[in-house]
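A quick write-up on the structure given underneath.
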2 protein chains.
Amino acid sequence: MGTRNEIAALPPEADLARADSLAREIFSDIANKWAFLIVEFLGQRTMRFGELRDHIGGISHKMLTQNLRMLEHNGLIERTVHPTIPPRVEYALTEAGVALRAVVDGMCGWTQKYLGHIEAARRRG
Amino acid sequence: MGTRNEIAALPPEADLARADSLAREIFSDIANKWAFLIVEFLGQRTMRFGELRDHIGGISHKMLTQNLRMLEHNGLIERTVHPTIPPRVEYALTEAGVALRAVVDGMCGWTQKYLGHIEAARRRG
DNA sequence: CGGTATCCACCATGATACTG
DNA sequence: CAGTATCATGGTGGATACCG
């Protein structure tokens with residue numbers, strides 16, 4: 001996506017949204033704020049469970065676990081357990097995760113770019 | 001916020017995630033499946049309420065209304081009422097919405113590209 | 001430290017009905 | 001056709017506690 005031209009010709013991908021149910025299911029799973037934030041932070045570097053929780057902020061232990069499991073199940077992140085005491089568990093993006101990171105970064109960039117626009121819209125309506 | 005980033009050259013956008021609460025709030029509002037699907041379909045063309053509902057599929061009247069209001073409130077879509085009988089209401093993307101569409105398209109493309117990868121991951125784990 | 005399980009409050013959501 | 005309101009209800013997600 002990144003530098004692909006505007007809206008010009010944006011074909012097949014478009015109908016993914018209504019396409020087969022598996023694609024739709026995956027799309028719905030991953031298009032949520034926690035998944036995006038996790039991908040964003042793991043995109044910066046590999047992190048441990050606690051680091052991730054602290055960086056994200058405002059996420060409960062349970063939600064983080066749940067989303068990490070979901071992302072792992074879908075092959076976006078890889079979980080490495082170091083059998084030390086205390087345990088050390090590292091999470092890293094897979095290739096698919098890195099690819100998604102580009103999308104999430106696009107969204108981050110979008111948010112920054114249109115922050116003013118949005119504030120203005122809110123004041124109006 | 002830190003304008004320096006540890007990784008290659010994925011700039012400031014990265015720390016938006018933890019940046020000011022307004023950006024975070026907007027990010028969290030919009031990073032959800034319904035918002036994405038609405039943006040995706042309105043990106044194809046302007047649509048009426050019912051059309052949108054039918055194209056998206058599986059969304060309740062209430063959820064659609066709610067999300068449309070949220071997107072309008074944030075200045076991503078524009079609502080035009082034609083005072084006919086029966087009423088005709090058209091929804092279209094604003095400039096900000098069109099820009100977000102690029103992101104959503106990226107996500108659609110990603111989903112298609114990694115569908116096989118994901119299926120494989122699911123079978124394994 | 002990280003994971004799992006349990007409990008429970010609350011809210012998001014769907015269904016339904018009514019209005020303009 | 002589109003919007004709003006109301007209601008119930010089940011599921012989401014937070015808090016807590018305990019395990020490895």
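This is a predicted model, so every value here is computed, not measured. Quick note on labels: first sequence line is chain A, next is B, and so on, each numbered from 1.
- Listed nucleotides D:dG14, D:dC1, C:dC1 differ in distance to A:Pro86; the shortest reach to its side chain belongs to C:dC1.
- The distance from atom CD1 of B:Ile59 to atom P of C:dA15 is 12 Å, rounded to the nearest whole Å.
- Residue B:Arg88 is out of contact with every strand shown, counting any heavy-atom pair closer than 4.0 Å.
- A:Phe36 and B:Ala31 get closest at one heavy-atom pair: CD2-CB, 4.3 Å.
- In this structure, B:Asn67 atom CG and D:dA2 atom P are separated by 17 Å, rounded to whole Å.
- Smallest separation of non-hydrogen atoms from A:Ile59 and A:Arg53: O-CG, 4.0 Å.
- For B:Arg48, a side-chain nitrogen or oxygen approaches OP1 or OP2 of D:dA2 to under 4.0 Å.
- For the residue pair B:Tyr91 / B:Glu72, no side-chain donor-acceptor distance below 3.5 Å is found, with atom types taken as modelled.
- C:dT13 atom P lies 13 Å from atom CG of B:Leu64, rounded to whole Å.
- Look at B:Tyr91 and you won't find any side-chain N or O under 4.0 angstrom from OP1 or OP2 of D:dC1.
- The distance between atom CG of A:Asn32 and atom P of C:dT13, rounded to the nearest whole Å, is 12 Å.
- As rounded to whole Å, 15 Å separates atom C1' of C:dG3 from atom CG of A:Leu52.
- In this structure, the CE atom of A:Met63 is 18 Å from the P atom of C:dG2, given to the nearest Å.
- Checking C:dG2, D:dG3, C:dG14 against the side-chain heavy atoms of B:Phe49 singles out D:dG3 as nearest.
- Rounded to an integer number of Å, the gap from B:Trp34 CH2 to C:dA12 P is 16 Å.
- Taking 4.5 Å as the limit, every side-chain heavy atom of B:Ile77 sits out of range of all side-chain heavy atoms of B:Val39.
- Toward the 5′ end of DNA chain D lies the nearest nucleotide of B:Arg69, the other residue of the pair A:Gln66 and B:Arg69 mapping further downstream.
- One atom, CG of B:Asp29, and another, P of C:dA12, lie 12 Å apart when rounded to the nearest Å.
- The base of C:dG14 has none of its N or O atoms less than 3.5 Å from a complementary donor or acceptor on the side chain of B:His61.
- Residues A:Arg79 and A:Lys62 each lie close to DNA chain C; by heavy-atom proximity, the contact nearer the 5' end of the strand is made by A:Arg79.
- Closest heavy-atom contact between A:Asn74 and B:Ile118: O-CG1, 3.4 Å.
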